[in-house]
Number of protein chains: 2
Amino acid sequence: MSLRHALLGLLAQGPASGYDLMKIFDISLANVWPATQSQVYGELSRLADAGLVKVAAEGPRGRKEYAIDDTGLAELRHWLTEVEPTHVHRSDMLLRVFFLGRLDREQAAGYLRRQAEFAAGRHESLAGLVDIVSEGEDDLSVYGRLALEWGLRFTNLHREWAEWATAEIEKWPSPRDPLTGEAPRETGG
Amino acid sequence: MSLRHALLGLLAQGPASGYDLMKIFDISLANVWPATQSQVYGELSRLADAGLVKVAAEGPRGRKEYAIDDTGLAELRHWLTEVEPTHVHRSDMLLRVFFLGRLDREQAAGYLRRQAEFAAGRHESLAGLVDIVSEGEDDLSVYGRLALEWGLRFTNLHREWAEWATAEIEKWPSPRDPLTGEAPRETGG
DNA sequence: GCGTTCATGTAAAAAGTTACATGATTGG
DNA sequence: CCAATCATGTAACTTTTTACATGAACGC
């Protein structure tokens, strides 16, 4: 139920509408916990039903400003201090790696090279965030910078690993056909 | 639809039952794409309905051995070469980091220290896999070793980052209360 | 007036989790 | 014969994705 806690965490900074939260989400939390508009609005309703937040004010265009309640704050604190992170990672990028043996060596190396390039680009775009985020002294900015540092290290690891893996593959001499040196599988199925 | 492709990828190595696949999953793919028994059996049925795999043999205890079809192989190759990885990461561990400002400095540092320990433990358990996995010369082992290297680097990054972040927090002098040096928030809500 | 931004929702489908249910076969 | 392993499935629920639908208010 992390989306729920993400919303509680943001509302702990101060009241906000679903629309506001969605924007904050997109610029700050999307890298660690993406959420869609439809999810955010739905979860806010459920949060209000459960009494963890309440509609503190209504504005133009049906705007509802939500504020966190004491039960919400307690739940947030409980989640932060008592609930072990799940540490479940899914990566379709790494999943593909297991099956790279279905491709010939060049294609497999190409895949990894593209991953290195992707990671380099992602690293640059995160690096561009550093200046923007370095201003704020609010909790979200201060702690967000720790998460950003994680992102910089991660994208760097990603690139380095992919470059290493590319080189690794390229130095294997077509392992399954030592006699001819030919690649065992070609593009056509 | 990565689960589908994970199953196709495993079946590309040779025929297997849902039960077999589940075991292979648990020891090799679970770190990059966890799946439950109920998901595997369900997806195999759908895969068979879609004509990407077929039941090649039936054994004792209702065992169904699935084999990949040409359409399945084509779909696997298409996924490997044409479909961009989504690069969507969810981490409730990092999500919590954004909200660490709700805790006092010691609690926040404690959280990060626990993450460093967790990562160290995970690293050790992956390192233990190296010997086991270093034998196989089949595709899954050969390429799985690349993924394992990723895991070793990742857990190492995780630990280093968490240690860095702990130190970072500990050197902040209760930033929101420079006059008294007292922590601005205490444990009680 | 008109385009942009603000603002909220619903519906359906896909994916993933948890729990339950059932029973055959094998090895000691 | 009995425990462990093999083996498959269903049901209910939660979470996430995608698409659609609607309209008010603001600024120029």
Side-chain angles (χ1 to χ4, degrees), chain A residues 1-8 10 15-27 29-50 53-66 79 83-92 95, chain B residues 1-8 15-27 29-50 52-66 79 83-92 95:
Chain A
M1 298 234 287
S2 294
L3 173 64
R4 157 163 297 203
H5 297 102
L7 293 172
L8 288 173
L10 292 180
S17 68
Y19 190 84
D20 296 338
L21 292 168
M22 199 55 220
K23 276 192 301 186
I24 301 171
F25 236 94
D26 280 340
I27 58 169
L29 303 186
N31 289 305
V32 304
W33 204 271
T36 61
Q37 178 252 61
S38 116
Q39 247 185 312
V40 168
Y41 283 111
E43 192 59 42
L44 282 171
S45 283
R46 259 169 273 134
L47 239 16
D49 288 348
V53 305
K54 62 164 174 267
V55 178
E58 306 207 23
R61 285 165 290 202
R63 175 189 173 90
K64 292 183 200 166
E65 203 165 66
Y66 290 91
W79 176 74
V83 183
E84 229 340 75
T86 56
H87 299 289
V88 170
H89 299 295
R90 287 196 155 82
S91 167
D92 61 334
L95 183 57
Chain B
M1 298 233 288
S2 294
L3 172 63
R4 157 162 298 204
H5 296 101
L7 293 171
L8 288 174
S17 68
Y19 191 85
D20 296 337
L21 291 168
M22 199 56 220
K23 277 193 298 186
I24 300 172
F25 236 93
D26 280 341
I27 59 168
L29 303 187
N31 288 305
V32 303
W33 204 272
T36 61
Q37 180 252 58
S38 117
Q39 247 184 313
V40 168
Y41 282 111
E43 191 61 42
L44 281 171
S45 283
R46 259 169 274 133
L47 240 15
D49 289 348
L52 301 180
V53 305
K54 61 164 174 269
V55 178
E58 307 207 21
R61 285 167 290 207
R63 175 189 172 91
K64 293 182 198 166
E65 205 165 65
Y66 290 91
W79 176 73
V83 184
E84 235 330 84
T86 56
H87 299 289
V88 171
H89 299 295
R90 286 196 156 83
S91 168
D92 61 334
L95 183 58

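Convention: sequence-line order gives letters A, B, ...; per-chain numbering from 1.
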Separation of atom [atom1] in [X] from atom [atom2] in [N], rounded to whole Å:
X: D49(B); N: dA14(C); atom1: CG; atom2: C1'; answer: 16 Å
X: R46(A); N: dG9(C); atom1: CZ; atom2: P; answer: 12 Å
X: F25(A); N: dA7(C); atom1: CZ; atom2: P; answer: 18 Å
X: I24(B); N: dC6(D); atom1: CD1; atom2: P; answer: 13 Å
X: L3(B); N: dT17(C); atom1: CG; atom2: C1'; answer: 13 Å
X: R4(B); N: dA15(C); atom1: CZ; atom2: P; answer: 8 Å
X: Y66(A); N: dA7(C); atom1: OH; atom2: C1'; answer: 11 Å
X: Y19(A); N: dC6(C); atom1: OH; atom2: P; answer: 4 Å

At less than 4.0 Å, is any side-chain N or O atom of [X] found next to OP1 or OP2 of [N]? Yes or no.
X: R61(A); N: dT4(C); answer: no
X: Y41(B); N: dG9(D); answer: no
X: K64(B); N: dG9(D); answer: yes
X: R63(B); N: dA24(C); answer: no

Open item on the list: D20(B): which residues meet the salt bridge (charged side-chain N to carboxylate O under 4.0 Å, His left out) condition with it, sequence neighbours left out?
Closed with: R63(B)
Compare the minimum distances between each of [options] and the side chain of [X], then state the nucleotide with the smallest one.
X: Q39(A); options: dC6(C), dA7(D), dT15(D); answer: dT15(D)
X: Q37(B); options: dC6(D), dG9(D), dA7(C); answer: dG9(D)
X: S38(A); options: dT5(D), dT17(D), dT17(C); answer: dT17(D)

Open item on the list: If you assign K23(B) and V88(B) each to the DNA chain D nucleotide with the nearest heavy atom, which residue ends up on the more 5' nucleotide?
Closed with: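 Taking each residue's closest nucleotide, the earlier one in sequence belongs to K23(B).
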Open item on the list: Nearest heavy atom decides the nucleotide; on that basis, is R90(B) or P60(B) closer to the 5' end of DNA chain D?
Closed with: P60(B)
Open item on the list: Can you give me the closest heavy-atom contact between W33(A) and L3(A), atom names plus distance?
Closed with: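 So the two residues come closest at NE1-N, 3.8 Å.
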For residues [X] and [Y], determine if any side-chain heavy atom of one lies less than 4.5 Å from a side-chain heavy atom of the other.
X: L21(B); Y: L44(B); result: yes
X: L8(A); Y: R4(A); result: yes
X: L29(A); Y: L10(A); result: yes

